[in-house]
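Shown next, in structure tokens, is the structure this report addresses.
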Amino acid sequence: MSPLPPPADHGLHVPTPGEGAREELLRFLDREAAVAQATKGRLAVLLVELRRVDRLQALLKGPPAAVTLSLVIERLRPALRPEDRLAALNEEQVCIVLPRIAHPTQAVLAAVKCLRALDRPIAHEGGTAVLRPCVGIATVPEHPADPAQLLMAADVARRIAGTREEGYHVFQSEDSIEAEVYHGLDIDLQRAIRANELEVHYQPQVELAGGTPVAAEALLRWRHPTSGPISPTTVVGIAENTGTIGSLTFWVLNTVLRNAAQLAKEGITPRFSVNLSTRTLVEHELPEIVEQALGTWSVEPGRITLEITESSMIGDAERTMAMLTRLKGTGVQLSIDDFGTGYSSLAYLKRFPVDELKIDRLFVSGLLSDRGDHQIVRSVIDLAHNFELRAVAEGVEEEAIRAELGRMGCDLVQGYLVSRPLPEREFRAWWLARGKGR
Ligand code: C2E
Ligand code: MG
Ligand code: MG
């Protein structure tokens with residue numbers, strides 16, 4: 001087969017979003033998919049979901065969508081090779097075709113470069129804003145070279161990417177199972193909430209010195225009637241992407257407070273930790289929702305700890321700070337989850353009104369086998385204590401690790417060694433048995 005002539009714009013032209021550019025890109029994909037098939041060559045399709053583009057538009061004082069998208073495309077262009085093509089599919093998504101790549105990792109590299117390119121604030125006359133993009137990737141020959149199927153696979157991968165910390169995902173054949181799960185999920189999650197398919201399990205936290213149980217983390221569980229258990233990170237990702245995160249958070253919070261009120265009648269009064277997703281933190285009404293739920297169930301605010309991940313503090317520090325201050329004003333405690341994996345600076349720690357640092361499971365599990373992990377755990381414990389915060393180690397599976405954490409002065413432990421996350425009834429039984437045992 002004779003090689004195709006180079007594209008007329010040779011990558012220098014910035015396509016304006018709209019029908020024309022989109023149609024041209026799809027024709028390009030058609031041609032290149034056929035080339036890949038005929039030559040047994042490689043090709044990748046990247047679908048970039050911009051996320052929060054509405055906020056970008058608002059912050060940039062409302063330039064038309066076309067202007068916003070061309071600002072994004074200008075950013076992405078230098079991350080790509082001249083032969084790569086990109087165009088907006090709609091106001092939220094940009095599609096990139098990488099023809100004739102040598103290896104699938106090249107597609108991942110391109111995705112990472114695109115994410116980095118969008119990592120810095122985008123400026124326009126009105127102001128600046130940061131996007132939280134995610135990228136779905138589908139590659140040929142790992143996937144059939146049919147353009148429509150490729151786009152669909154990249155779209156499934158994009159939805160999964162939205163639930164992953166790294167922000168990208170390469171479509172795998174088993175993802176089609178998740179794709180089924182995702183199908184119509186915005187409705188399904190709402191239905192699941194109503195049909196009581198969601199549950200909250202509780203994982204105890206005990207004091208290192210003495211082993212007294214003092215708290216429990218609430219962890220979301222969803223057993224889908226046909227797909228089986230779905231991981232909480234996937235559920236949260238779906239909820240974030242479909243706009244149901246607000247009702248999900250509300251549901252979890254109310255369930256925990258209802259259980260807390262019931263358990264208190266039996267003299268079981270742990271502090272309960274509830275996870276908040278990054279998206280929830282931008283919901284202005286969150287502190288009022290928390291306050292209202294606390295009032296409804298008459299639970300003392302100090303018995304609730306809200307966990308936010310370290311990475312959610314990095315984006316818009318001023319905004320996060322304002323939200324955390326308002327949350328703290330309701331009387332609840334605040335914890336930074338997965339500490340050590342983000343890049344929060346000491347200056348933030350000093351300013352943010354937090355009560356607890358949770359050391360990421362990754363470092364805890366490597367405590368005895370990896371010197372670096374040992375040093376990180378030690379530093380986080382010392383850091384916590386220097387700021388008069390509690391240090392909690394999660395993911396403790398071995399007695400030797402617990403013992404070492406004890407020597408290091410860690411305050412609380414949580415992990416399979418103590419107990420797995422338990423349904424409410426089992427948690428109650430565990431707590432009572434544990435209480436009697438001492
Ligand atoms: P996380 O908040 O860091 O929760 C700790 C995770 O570690 C839980 O996974 C828990 O089951 C697991 N874990 C605890 N001890 C051990 C151990 O000893 N070994 C191992 N291998 N794992 C352990 P899970 O339940 O799958 O939850 C995953 C993540 O999903 C949570 O991470 C949290 O970020 C998120 N999540 C869970 N429930 C909610 C929720 O209600 N709302 C939000 N926004 N996120 C939630
Ligand atoms: Mg947590
Ligand atoms: Mg964690």
Side-chain angles (χ1 to χ4, degrees), residues 162-165 189 192-193 197-206 215-223 228-242 244-257 259 271-283 286 289-290 293 304-313 327 333-342 354-367 376-377 380 390-402 405 412-424 426-427:
T163 69
R164 301 280 153 89
E165 193 64 31
L189 190 54
I193 293 178
E197 278 168 26
L198 298 185
E199 256 188 80
V200 174
H201 286 195
Y202 297 96
Q203 189 174 34
Q205 292 177 357
V206 302
E217 177 170 14
L219 295 159
L220 184 65
R221 296 289 177 262
W222 183 15
R223 185 170 287 279
I230 301 172
S231 83
T233 45
T234 304
V235 180
V236 169
I238 293 163
E240 289 195 330
N241 284 312
T242 56
T244 38
I245 188 67
S247 40
L248 185 69
T249 309
F250 185 70
W251 182 85
V252 172
L253 199 60
N254 268 288
T255 306
V256 172
L257 289 167
N259 288 340
R271 204 173 41 238
F272 285 100
S273 295
V274 176
N275 292 282
L276 289 185
S277 82
T278 310
R279 273 284 168 103
T280 329
L281 283 181
V282 300
E283 299 217 353
L286 182 64
I289 292 173
V290 170
I304 298 297
T305 305
L306 300 177
E307 292 190 6
I308 57 159
T309 58
E310 191 185 9
S311 49
S312 64
M313 298 172 38
L327 283 173
Q333 303 202 4
L334 297 175
S335 168
I336 307 181
D337 202 358
D338 303 338
F339 196 81
T341 53
V354 296
D355 304 272
E356 175 185 283
L357 298 184
K358 283 189 93 169
I359 311 164
D360 195 73
R361 178 151 56 94
L362 204 71
F363 306 120
V364 173
S365 60
L367 184 62
I376 290 175
V377 174
V380 178
R390 267 194 312 273
V392 182
E394 67 180 7
V396 179
E397 295 184 1
E398 296 165 32
E399 177 49 39
I401 291 183
R402 197 202 60 80
L405 286 163
L412 301 180
V413 280
Q414 173 186 345
Y416 295 167
L417 179 71
V418 177
S419 168
R420 291 197 171 245
L422 302 168
E424 194 241 347
E426 288 175 40
F427 172 71

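Indexing begins at 1, ligand by ligand and atom by atom, following the structure's order. Model, not experiment: these values are computed from the prediction.
- Within the 4.5 Å cutoff, the side chain of L248 has heavy atoms near those of the L198 side chain.
- Listed by chain and residue number, the protein contacts of ligand 1 are Q203, E217, L219, L220, R221, P232, T233, V236, V252, N275, L276, S277, E307, D337, D338, R361, E394, G395, V396, E397, G415, Y416, P421 (heavy atom within 4.0 angstrom).
- Contact of the V290 side chain with the L327 side chain is registered, since non-hydrogen atoms from C-beta on lie closer than 4.5 Å.
- Using a 4.5 Å heavy-atom threshold, the side chains of E307 and V392 count as separate.
- A 4.5 Å side-chain heavy-atom check between N259 and Y202 finds at least one atom pair inside the cut-off.
- Two residues are said to be in side-chain contact when any heavy atoms from C-beta on lie closer than 4.5 Å; Y416 and Q203 meet this criterion.
- Residues passing the ring pair (Phe, Tyr, Trp, His ring centres under 6.0 Å) test with F363, sequence neighbours excluded: none.
- Residues V200 and V274 are not in side-chain contact: their nearest non-hydrogen atoms beyond the backbone lie 4.5 Å or more apart.
- Around the Mg ion (ligand 2), the protein contributes the following N, O or S atoms at distances under 2.8 Å: E217 OE2, N275 OD1, E307 OE1, D337 OD2.
- R390 meets the side chain to side chain donor-acceptor pair (under 3.5 Å) test with Q333, E356; sequence neighbours excluded.
- A heavy-atom distance below 4.5 Å is found between the side chains of I245 and E283.
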